[in-house]
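Input: one structure, supplied below.
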Amino acid sequence: MVGKNLPHFSTLDNYYTQPFDTTRTQGKIIVDKKMDITNKWDFEDDLAYEVVLICAIEHFTPIEARHIVSEAYRVLRSGGMLIIDTPDVIKTVEKYRGYPDLMSRLLLCSQKNPYSFHRTLYTKESLRELLGNKWAEVKDELVVKHDYPMIGAICLK
């Protein structure tokens, strides 16, 4: 969740410049609020300017993902944005067909812990289907540069 005029919140502009928690043994993380996003979110309706899901939605089942998108829509203000990116299953298979171990890791995740699994793989079409038709506008666009094939969407409420 990102709020304008709330400098203590992370933004895409400073995503990689924020100080990371170096005490973690499982890698680095920046969060604004910890919560189980598969349940009702602890935010009022029409509160947020942005909801950002970078390399996230693929870690949830289709039912959970629909709930997450629905909650994002609920908490976003009119004109707010849902920003999503996720691995591109088709381009990953095409690009890494000759490297099955790498392709498998990109598609299925590292599987090092219970959270390192991709539970749903998306194409542009299936991501659009997940988003539904309630958004004022959906643009196919990536907002973070990755070294592997990704699809992205910026959804305006």
Side-chain angles (χ1 to χ4, degrees), residues 1-4 9-18 20 26-33 35-39 41 43 48-157:
M1 281 285 151
V2 177
K4 294 205 187 304
F9 278 39
S10 60
T11 66
L12 284 176
D13 291 337
N14 66 10
Y15 184 76
Y16 293 107
T17 61
Q18 290 277 342
F20 289 112
Q26 283 293 76
K28 299 173 181 177
I29 188 168
I30 298 173
V31 297
D32 294 323
K33 180 173 185 153
M35 65 181 179
D36 180 353
I37 64 173
T38 63
N39 292 315
W41 295 6
F43 295 102
Y49 290 92
E50 290 180 319
V51 174
V52 181
L53 298 168
I54 303 296
C55 294
I57 201 74
E58 65 273 12
H59 292 271
F60 297 93
T61 67
I63 291 169
E64 292 168 335
R66 280 192 293 279
H67 168 77
I68 292 164
V69 168
S70 177
E71 282 295 286
Y73 188 86
R74 179 185 67 78
V75 303
L76 282 169
R77 294 175 178 220
S78 179
M81 293 188 299
L82 169 62
I83 299 169
I84 293 181
D85 83 353
T86 186
D88 184 326
V89 64
I90 293 173
K91 287 185 180 174
T92 299
V93 169
E94 289 171 354
K95 183 173 182 174
Y96 297 105
R97 185 178 311 251
Y99 306 93
D101 291 340
L102 178 56
M103 179 176 62
S104 177
R105 181 170 179 340
L106 290 172
L107 293 176
L108 302 176
C109 203
S110 69
Q111 303 181 7
K112 292 179 181 178
N113 63 55
Y115 306 104
S116 295
F117 281 83
H118 290 169
R119 288 171 171 77
T120 308
L121 299 174
Y122 292 95
T123 63
K124 280 186 180 184
E125 294 77 17
S126 64
L127 182 60
R128 281 285 183 137
E129 184 178 320
L130 169 68
L131 296 169
N133 58 7
K134 60 186 164 191
W135 299 95
E137 182 180 359
V138 177
K139 296 187 258 184
D140 294 329
E141 188 173 328
L142 287 173
V143 296
V144 176
K145 184 182 182 305
H146 296 278
D147 295 330
Y148 39 86
M150 299 291 284
I151 52 177
I154 298 177
C155 312
L156 302 176
K157 180 175 177 183

Side chains of His146 and Pro87, heavy atoms from C-beta outward: is any pair under 4.5 Å? no
Give a yes or no answer on whether the side chain of Thr92 reaches the backbone of Asp88 with a donor-acceptor pair at less than 3.5 Å. yes
Side-chain heavy atoms of Glu94 within contact of Lys91, under 4.5 Å: yes
Which heavy atom in Tyr122 sits nearest to a heavy atom in Ala65, and how many Å separate them? OH-CB, 3.5 Å
Pairwise distance CD(Glu64) to CG(Asn39) - rounded to 0.5 angstrom: 9.5 Å
Rounded to the nearest 0.5 Å, how far does CZ of Phe60 lie from CD of Glu58? 9.0 Å
Without swapping roles, check the side chain of Arg74 against the backbone of Phe43 for a donor-acceptor pair under 3.5 Å. yes
Determine, stepwise, if the pair Ile151 / Thr123 fulfils side chain to side chain contact (heavy atoms under 4.5 Å, CB included). CA-CA 7 Å; Ile151 52 177; Thr123 63; 5.5 Å; no
Would you indicate whether the side-chain heavy atoms of Leu106 and Tyr99 approach each other to under 4.5 Å? no
So, the side chain of His59 versus the backbone of Ser116: is there a donor-acceptor pair under 3.5 Å, distance only? no
From Cys155 SG over to Glu141 CD, what is the distance, rounded to the nearest 0.5 angstrom? 11.0 Å
Which heavy-atom pair separates Gly152 from Leu127 by the least distance, and what is that distance? C-CD2, 4.5 Å
Starting from the C-alpha separation in whole Å, work towards a yes-or-no answer on side chain to side chain contact (heavy atoms under 4.5 Å, CB included) for Arg66 and Leu130. CA-CA 6 Å; Arg66 280 192 293 279; Leu130 169 68; 3.7 Å; yes
Step by step, work out the side chain to side chain contact (heavy atoms under 4.5 Å, CB included) result for Thr86 and His118. CA-CA 10 Å; Thr86 186; His118 290 169; over 6 Å; no
Distance from Thr61 atom OG1 to Ile68 atom CD1, nearest 0.5 Å? 8.0 Å
From Asp140 atom CG to Arg128 atom CZ, the distance as rounded to the nearest 0.5 Å: 4.5 Å
Which value, rounded to the nearest 0.5 Å, describes the distance between Leu107 atom CG and Leu121 atom CG? 5.5 Å
Give me the atom names and distance for the closest heavy-atom approach of Leu156 to Met81. CD2-CG, 3.1 Å
Could you tell me which non-hydrogen atom of Pro149 sits nearest to which non-hydrogen atom of Lys95, and how far apart they are? CG-CD, 4.0 Å
Which of these, Ile84, Asp85, Ile83, sits in a side chain to side chain contact (heavy atoms under 4.5 Å, CB included) with Leu53? Ile84
Sequence neighbours excluded, which residues qualify as side-chain hydrogen bond (donor to acceptor under 3.5 Å, both in side chains) partners of Thr38? Asp36
Give the intermediate values and the outcome of side chain to side chain contact (heavy atoms under 4.5 Å, CB included) for residues Phe117 and Gln111. CA-CA 5 Å; Phe117 281 83; Gln111 303 181 7; 3.4 Å; yes
Under the side chain to side chain contact (heavy atoms under 4.5 Å, CB included) test against Leu82, which residue among Leu131, Ile154, Val75 passes? Leu131
Tell me the salt bridge (Lys or Arg N to Asp or Glu O under 4.0 Å) pairs involving residues 147-157, sequence neighbours left out? Asp46-Lys157, Lys145-Asp147
